[in-house]
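The structure presented is a predicted model; accordingly, all values stated were derived computationally and were not measured.
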Amino acid sequence: MLPRRKAIRRRLLNCSRADFDKLILDANLNCTQKQILDMFISDGLPICEIAYRLEFCESNVRKILAGAYDKIAFL
């Protein structure tokens, strides 16, 4: 994972729910990105569990998370 994405992940893990929701809204994430990011950050689910629940492959979940992190990085 790129250092920029790691920093964003730490930022999301340490922010309040209200700040998390505001970041997601401001980043203009699509529905799938919101759902996966919420499951990963808020619920603390591992990528393999998210992939299983949504019937995606793990690589797709990783790509979607990376895209969400990149959108948040430009705020």
Side-chain angles (χ1 to χ4, degrees):
M1 182 182 289
L2 296 173
R4 180 183 69 220
R5 290 182 184 153
K6 284 183 182 181
I8 294 165
R9 181 177 173 191
R10 279 193 304 274
R11 178 179 171 195
L12 291 171
L13 286 169
N14 293 323
C15 70
S16 68
R17 182 64 196 195
D19 290 338
F20 178 81
D21 290 338
K22 184 175 181 335
L23 279 171
I24 288 176
L25 185 66
D26 291 346
N28 198 25
L29 301 180
N30 66 38
C31 188
T32 305
Q33 288 174 324
K34 289 177 191 175
Q35 183 179 20
I36 290 175
L37 194 61
D38 192 49
M39 292 171 82
F40 188 66
I41 299 294
S42 298
D43 299 340
L45 295 176
I47 290 174
C48 59
E49 179 66 23
I50 295 169
Y52 175 77
R53 288 186 183 191
L54 298 178
E55 298 178 354
F56 289 167
C57 66
E58 289 181 32
S59 63
N60 283 348
V61 173
R62 291 179 197 281
K63 288 176 188 175
I64 292 167
L65 276 173
Y69 290 153
D70 290 343
K71 283 184 179 180
I72 291 170
F74 292 111
L75 294 179

Report, one line per pair, each donor and acceptor closer than 3.5 Å where one atom sits in a side chain of residues 26-50; sequence neighbours left out.
from	atom 1	to	atom 2	distance (Å)
D26	OD2	K22	NZ	2.7
N30	OD1	T32	N	3.1
N30	OD1	Q33	N	2.8
Q33	OE1	N30	N	3.1
Q33	OE1	K71	NZ	3.1
D38	OD1	R17	NH1	2.7
D38	OD1	R17	NH2	3.1
D38	OD1	S42	OG	3.0
S42	OG	R17	NH1	2.6
E49	OE2	R53	NE	2.9

Donor-acceptor list for residues 1-10 side chains, cut-off 3.5 Å, not counting sequence neighbours:
from	atom 1	to	atom 2	distance (Å)
R4	NH2	D70	OD1	3.1
R5	NE	D70	OD1	3.0
R5	NH2	D70	OD1	3.4
R5	NH2	D70	OD2	2.8

Residues 56-66, side-chain donor-acceptor partners within the protein, below 3.5 Å, at least two apart:
none

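The hydrophobic cluster containing L75 also contains Y69, counting ILVMFWY residues as joined when their side-chain heavy atoms lie under 4.5 angstrom apart, directly or transitively.
Expressed to the nearest 0.5 Å, how far CD1 of I72 lies from CZ of R11 amounts to 7.5 Å.
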